[in-house]
Participant: 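Have a look at this one before I ask anything.
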There are 2 protein chains.
Amino acid sequence: MFRIDPLSRQPVYEQLIEQLEKLVLTGLLPADSQLPSVRSLSLELSINPNTIQKAYSDLDTRGIIYSVPGIGCFVAKNAAEVLQAHMRRKLDSLRQLADDLALAGIPEEELIDCIHTIYKERGVTL
Amino acid sequence: MFRIDPLSRQPVYEQLIEQLEKLVLTGLLPADSQLPSVRSLSLELSINPNTIQKAYSDLDTRGIIYSVPGIGCFVAKNAAEVLQAHMRRKLDSLRQLADDLALAGIPEEELIDCIHTIYKERGVTL
DNA sequence: TAGGTGTACTATGTCGGGTAGTACACCTTG
DNA sequence: CAAGGTGTACTACCCGACATAGTACACCTA
């Protein structure tokens with residue numbers, strides 16, 4: 001269900017968060033569907049339970065999931081909407097990146113082609 | 001000459017590297033122009049000399065600058081070319097970002113507009 | 001010779017990430 | 001009721017990256 005790279009610069013708990021968010025956005029994890037328990041996921045990924053909890057706790061704070069003590073963690077009703085609104089902030093990263101590439105003399109057409117290709121693939125796979 | 005944010009998540013030495021690279025790409029630091037000395041820059045930015053040296057050492061390893069012991073550090077002849085080639089790897093980051101935004105349902109036109117605006121501004125300022 | 005330059009080295013402190021272990025409260029199931 | 005699963009909280013510890021502090025060396029120029 002998850003692919004974790006312990007050698008990555010990116011913290012494990014962030015990798016978990018990103019992958020869970022993508023599962024929600026793709027619809028593979030619908031609203032109210034139950035997430036793997038902290039302990040089971042800990043065993044499956046050979047990761048400390050505290051690391052899993054850190055990821056779950058962050059998602060819970062942001063309203064992506066909700067937890068019921070004694071029962072488990074579940075995807076929030078409007079998780080996808082929250083994520084979509086949150087993703088909009090990534091447009092700033094896009095601007096920063098485009099600015100760097102423009103500065104390096106990489107032609108605008110090259111960036112446009114990149115994006116067009118990505119959206120074409122997404123449009124097909126979805 | 002430099003703006004350093006000690007509170008940033010990004011390490012100080014990386015901030016230095018990025019700003020120096022941009023000065024080279026914009027042509028404000030031509031080939032063979034001398035960089036501020038480790039000690040003077042250390043005083044100016046209130047940063048430990050070791051941190052400055054770490055940045056310089058990294059740039060030297062990558063062929064962006066060259067150092068002459070007893071004299072100083074200078075911009076390499078083909079620094080701009082090296083940086084432009086290196087920047088091309090950022091296109092992967094662009095793809096990753098576009099993929100995320102596509103997944104979040106942000107329309108392609110919005111990304112295209114972003115990039116077009118950036119390149120328009122760059123075209124004017126240069 | 002004096003002062004500036006890059007370079008190297010050790011020691012120290014801080015912080016984030018991660019692990020280890022324990023404990024508690026809750027719910028479901030037998 | 002008892003057992004086992006669930007989320008949650010807490011302390012302690014380790015490790016690496018980052019940064020600082022201080023010292024020292026070799027080099028070049030004025």
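In what follows, chains are A, B, ... by sequence order, proteins preceding strands, each numbered from 1. Computed from a predicted structure; not experimentally measured.
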Participant: Would you kindly give the CG-to-P distance between B:Asn48 and C:dT10, to the nearest whole Å?
Facilitator: 16 Å
Participant: Among side-chain atoms of A:Tyr119 and B:Asp99, is any donor-acceptor pair under 3.5 angstrom?
Facilitator: no
Participant: Using the side chain to side chain donor-acceptor pair (under 3.5 Å) definition, which of the options A:Arg122, A:Lys120, A:His116 pairs with B:Glu108?
Facilitator: A:His116
Participant: May I have the distance from B:Asp60 (atom CG) to C:dT7 (atom P), rounded to whole angstrom?
Facilitator: 6 Å
Participant: Specify the separation, in whole Å, of atom NZ of B:Lys54 and atom P of C:dC9.
Facilitator: 15 Å
Participant: Please figure out whether A:Gly72 or B:Ile47 has its closest DNA chain D nucleotide nearer the 5' end.
Facilitator: A:Gly72
Participant: Between D:dT20, D:dC18, D:dT6, spot the one nearest the side chain of B:Glu14, thanks.
Facilitator: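 Nearest to the side-chain atoms of B:Glu14, counting from C-beta on, is D:dC18.
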Participant: Output the rounded distance in Å from CD1 (B:Ile52) to P (C:dG4).
Facilitator: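 Taking atom P of C:dG4 as the reference, CD1 of B:Ile52 is at 18 Å.
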Participant: Consider only side-chain N and O atoms of A:Tyr13 and A:Asn48, and report whether a donor and an acceptor are under 3.5 Å apart.
Facilitator: no
Participant: Using a 4.0 Å cut-off on heavy atoms, which residues in residues 1-13 of chain A reach DNA chain D? List them by number, or say none.
Facilitator: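 Within residues 1-13 of chain A, no residue comes under 4.0 Å of DNA chain D.
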Participant: Counting only side-chain heavy atoms from C-beta out, which of C:dG6, D:dC18, D:dA9 sits nearest to A:Asn50?
Facilitator: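 Among C:dG6, D:dC18, D:dA9, the one nearest the side chain of A:Asn50 is D:dA9.
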Participant: Taking B:Ser42 for its side chain and B:Ile47 for its backbone only, find out whether a donor-acceptor pair lies under 3.5 Å.
Facilitator: yes
Participant: With a 4.0 Å cutoff (strictly under), does any side-chain N or O of B:Ser37 reach OP1 or OP2 of C:dT5?
Facilitator: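 Checking B:Ser37 against C:dT5: at least one side-chain N or O falls below 4.0 Å of OP1 or OP2.
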Participant: Going by an N to O cut-off under 4.0 Å, is there a salt bridge joining B:Asp58 and B:Arg62?
Facilitator: yes
Participant: Which one of A:Arg89, A:Arg88, A:Lys90 satisfies the salt bridge (charged side-chain N to carboxylate O under 4.0 Å, His left out) criterion with B:Asp100?
Facilitator: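 That would be A:Lys90.
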Participant: Whole Å only: how far is the CG atom of A:Leu41 from the C1' atom of D:dG5?
Facilitator: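 Rounded to whole Å, this separation is 15 Å.
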Participant: Give a yes/no on whether any side-chain N or O of B:Thr51 is located under 4.0 angstrom from OP1 or OP2 of D:dT20.
Facilitator: yes
Participant: B:Gln34 has an atom CD; how far is it from atom P of D:dC28, in whole Å?
Facilitator: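 So the CD-P distance, B:Gln34 to D:dC28, works out to 15 Å.
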Participant: From CG of B:Leu45 over to C1' of D:dC18, roughly how many Å is that when rounded to an integer?
Facilitator: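 The answer, rounded to whole Å, is 17 Å.
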Participant: With a 4.5 Å cut-off on side-chain heavy-atom distances among I, L, V, M, F, W and Y, is there a chain of contacts connecting A:Ile112 to B:Leu91?
Facilitator: yes
Participant: With no angle test and no hydrogens, is the base of C:dG6 tied to the side chain of B:Arg39 by a donor-acceptor pair under 3.5 Å?
Facilitator: yes
Participant: To the side chain of B:Ser67, which of C:dT19, C:dT7, D:dC28 is closest?
Facilitator: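 The answer is C:dT7.
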Participant: For the pair made of CD in A:Glu44 and C1' in D:dG5, what is the distance, rounded to whole Å?
Facilitator: 17 Å
